[in-house]
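I have placed the structure first, in the form of structure tokens, so that the comments after it can refer back to it.
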Amino acid sequence: MKKKDKKKEYVKEIQNKYLKLKKEITIHNKLYYGENNPKISDIEYDKLWQKLKDLELEFPFLKTKDSPTKKVGYKPNQSFSKIKHILPMLSLENALNLDEVKKYVEKVSRYLNTKNQFIELIAEPKIDGLSISLKYEYGNFASGATRGDGQIGEDVTLNLKTIKDIPKNIEQLKNIKTFEIRGEIYMKKKDFLNLNEIRKKSNDSLFANTRNAAAGSLRQLDRNVVEERKLNFFAYTYGEITKEINFKKQSEFLNLIKVFGFPTNDLYQICKNFNDVELFYEKIEKIRNNLNYDIDGIVYKINDISIQNRLGLVGRAPRWAVARKFPAEKAETKIINIKVQVGRTGILTPVAELEPVYIGGVKVSRVSLHNQDEIDRKDIRIGDTIKLQRAGDVIPQVISVDKSKRNEKSKKFVIPNVCPCCKSKTDRKENEVAVKCTGGWSICEDQQIGSLEYFVSRNAFNIEGLGGRNLKKFWKEGFIKYPYDIFYLDKYKNNIINKEGFGEKSYSNLIKAINLKKKVSLEKFIYSLGIPQVGQRTSNLLSKHFKNFKSWFESIKSLSKNINNVYESYLNIDGIGPDVVEDIKNFFDKEKIEIVNKLNDALNNVESYKYSTKSNSKISEKIIVFTGTLKNMSRSEAKSKAEELGAKVTNSVSNNTDYVIAGTDSGSKEKKARDLKVKVLNESEWKKLIV
Ligand SMILES: [Zn+2]
């Protein structure tokens with residue numbers, strides 16, 4: 001072969017390699033950003049991306065305008081604008097078996113003080129789709145939004161208009177300003193199979209299950225595509241309704257909206273005792289495979305709406321409902337390797353890398369082994385064949401090791417005594433399961449990246465376009481080290497556009513998304529800091545208690561210095577135990593307090609806690625102490641009610657106390673109140689105050 005031909009052939013080879021890689025990345029981009037349905041891990045994606053970039057560096061002639069390296073950060077679904085839900089969209093507590101449903105009912109009856117009497121439930125199949133909130137104005141379908149983070153969702157109104165199941169005009173609602181209906185968008189099993197058949201023919205990647213297919217389809221930009229995908233809708237609850245509508249029970253509500261023209265699921269049943277609860281579950285589990293849509297469990301709700309209202313919320317979950325998931329699906333696979341990850345709090349987590357296996361339609365290639373105790377208990381080793389299970393949207397778990405298939409030479413796995421990231425010594429405290437890196441946040445890079453990832457994640461600041469890939473890049477470049485740096489990212493405009501391959505448009509979208517988050521609720525602010533044990537529920541409790549940023553910030557400063565009895569006042573918050581207070585105290589060292597301070601400076605506004613109900617109640621801003629036993633409601637219900645109406649509930653009586661509510665056997669607190677001339681109310685006086 002001539003030298004020239006040889007060169008030509010070589011160029012062609014490189015070109016083919018490049019085109020293949022480019023095509024592959026484009027597909028994964030589309031899956032990740034457009035369809036919400038990634039098929040490979042971030043690490044695998046990064047590898048592909050780096051390969052492409054290396055090729056372009058080595059052979060600049062390859063580079064074209066449409067190269068994916070020019071387009072990272074491009075998010076097509078950014079063109080859905082945001083809708084703030086008037087009432088938050090809730091998530092449900094899970095019960096794994098009948099016993100847990102029983103425990104749930106007992107808890108409710110304790111809260112209501114009804115002496116273990118069975119409270120009528122309504123059982124409904126749990127549709128496996130994505131939740132949606134539809135708003136009707138004077139009977140006309142006005143807008144619809146996805147759940148999002150529960151408070152802010154995506155405006156998918158135009159796409160929803162293509163769904164035949166959703167009524168567009170409702171005569172019976174034409175006198176009601178706002179009527180919000182909530183339910184599930186889902187894809188029928190046969191439409192799902194057809195869709196995958198078509199995608200297979202055109203070499204598109206397949207959807208793992210009906211839920212992913214429904215979610216991916218609803219978030220398409222082209223509404224013609226949405227229409228082709230044939231989505232369906234079931235309505236099952238409501239949000240804001242501006243005019244009293246006559247229904248006293250959930251079952252009545254379902255019948256009513258059916259008359260309005262909403263599709264409802266007829267398989268519901270009213271349960272009068274635990275036998276009904278169990279029989280319904282067995283019945284549905286039996287017919288489950290013959291239904292033409294997927295369900296992943298049963299939802300049990302308190303049927304009586306007035307009791308639902310009494311129960312209210314705990315954190316972001318309603319106290320009046322619980323979901324019982326169907327048992328997990330199982331599969332067998334092999335552990336290729338065990339890697340140790342360092343989390344944002346320095347905890348080392350062993351993660352098994354698996355020969356990929358499908359469980360319930362979802363590809364699983366990694367599973368957390370949690371901690372050393374878990375590894376020891378199940379004796380999990382590299383090379384082992386394991387049984388895995390996965391229930392609904394719960395993360396997969398290892399059930400057991402098949403020791404008959406074990407390689408004789410395999411060794412026990414032990415979490416290393418140095419941090420895989422910063423090489424500091426690791427340490428396991430007595431009575432704790434976690435092995436931790438002792439290097440601390442300021443020298444352990446994985447902890448820093450972990451904290452930042454948590455900070456921008458969905459339930460925290462939820463900054464779109466600043467997920468794993470981009471965040472890591474900015475961190476590596478030194479643009480972002482502390483959370484507050486995110487809000488000054490525009491300092492690096494030229495670097496980001498020129499060096500990081502962002503287009504002008506992607507850059508300005510990103511900055512826009514960041515600026516949107518300069519206003520944040522106190523609850524999210526606290527949550528996003530990643531304090532150990534302080535999840536959504538505890539953040540909610542803290543923001544409810546401290547009400548505004550200033551008083552919360554003062555409290556953590558005092559807590560770290562151990563002054564002003566602030567430790568005790570934390571302990572008095574209902575639902576927060578001493579170990580949580582200890583974690584909060586330990587978390588806020590000098591550096592963290594400075595970070596909080598600077599973060600607050602970077603933001604426009606940390607919004608104070610807002611009560612969803614009227615705050616101009618008679619007890620708004622009042623300080624209340626409960627003592628003794630109330631007859632008609634439990635102490636917890638009384639406390640929640642008071643807080644909902646804007647009062648602050650404390651445990652000890654002082655000159656600042658406005659009311660002491662004394663039940664029977666009230667004892668010393670009532671006496672102290674009388675000594676201090678604080679107003680003492682009995683239960684019926686209290687009830688009058690809160691109507
Ligand atoms: Zn470390």
Side-chain angles (χ1 to χ4, degrees), residues 41-44 46-47 50 335-353 366-376 380-382 395 411-457 460-461 466-486 527-535 560 579-580 582-596 598-599:
S41 70
D42 277 6
I43 298 165
E44 288 169 287
D46 282 345
K47 273 188 199 151
Q50 200 53 50
I335 297 181
I336 303 167
N337 198 0
I338 298 177
K339 288 213 169 138
V340 175
Q341 291 180 343
V342 188
R344 65 190 158 84
T345 56
I347 292 176
L348 272 63
T349 306
V351 177
E353 296 183 344
R366 296 146 61 81
V367 61
S368 171
L369 304 179
H370 304 294
N371 53 55
Q372 189 68 53
D373 286 358
E374 173 82 358
I375 290 178
D376 293 345
I380 303 168
R381 306 178 184 190
I382 294 170
I395 57 165
K411 289 196 195 90
K412 280 196 181 293
F413 183 84
V414 181
I415 294 177
N417 51 18
V418 291
C419 171
C421 172
C422 69
K423 310 293 173 219
S424 304
K425 273 223 155 77
T426 61
D427 177 38
R428 179 175 174 177
K429 290 221 171 72
E430 220 179 306
N431 300 326
E432 276 185 21
V433 287
V435 176
K436 273 185 159 184
C437 161
T438 56
W441 184 86
S442 46
I443 67 160
C444 189
E445 298 185 340
D446 280 355
Q447 291 187 43
Q448 291 173 25
I449 295 181
S451 312
L452 287 169
E453 276 172 349
Y454 185 80
F455 183 84
V456 301
S457 66
F461 268 71
L466 199 58
R469 291 166 196 171
N470 292 336
L471 188 66
K472 244 179 233 164
K473 273 190 201 159
F474 295 152
W475 184 85
K476 270 185 202 149
E477 293 288 346
F479 301 163
I480 297 174
K481 178 163 186 197
Y482 300 101
Y484 52 77
D485 291 330
I486 291 169
Y527 174 85
S528 66
L529 298 172
I531 309 160
Q533 294 203 69
V534 179
S560 68
D579 51 330
V580 176
E582 203 55 45
D583 272 351
I584 297 175
K585 189 181 155 203
N586 293 335
F587 181 81
F588 287 108
D589 54 15
K590 233 177 167 177
E591 190 182 18
K592 290 279 170 45
I593 288 177
E594 193 49 32
I595 290 174
V596 170
K598 285 189 174 159
L599 179 59

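In this text the structure is predicted, and so the values were computed from the model without any measurement. First listed ligand is number 1; within each ligand, the first listed atom is number 1.
Aromatic rings of Y454 and Y527 (six-membered ring for Trp) have centroids within the 6.0 Å cut-off, being under it.
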Could you tabulate the donor-acceptor pairs under 3.5 Å formed by side-chain atoms of residues 442-452, not counting sequence neighbours?
residue, atom, partner, partner atom, Å
Q448, NE2, W441, O, 3.1
Q448, NE2, S442, O, 3.1
S451, OG, W441, NE1, 3.0
S451, OG, Q447, O, 2.7

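Here F587 pairs with nothing under the ring pair (Phe, Tyr, Trp, His ring centres under 6.0 Å) rule; sequence neighbours left out. Contacts of Y484 classified as ring pair (Phe, Tyr, Trp, His ring centres under 6.0 Å), with partners at least two apart in sequence or in another chain: Y482.
From I415, atom CD1 reaches atom OG1 of T426 across 8.0 Å, with rounding to the nearest 0.5 Å.
Screening the protein for N, O or S atoms under 2.8 Å from the Zn ion (ligand 1) yields 4; no waters enter the count.
Ionic pairing of E353 and K339 is present here: one or more N-O contacts between side-chain nitrogen and carboxylate oxygen are shorter than 4.0 angstrom.
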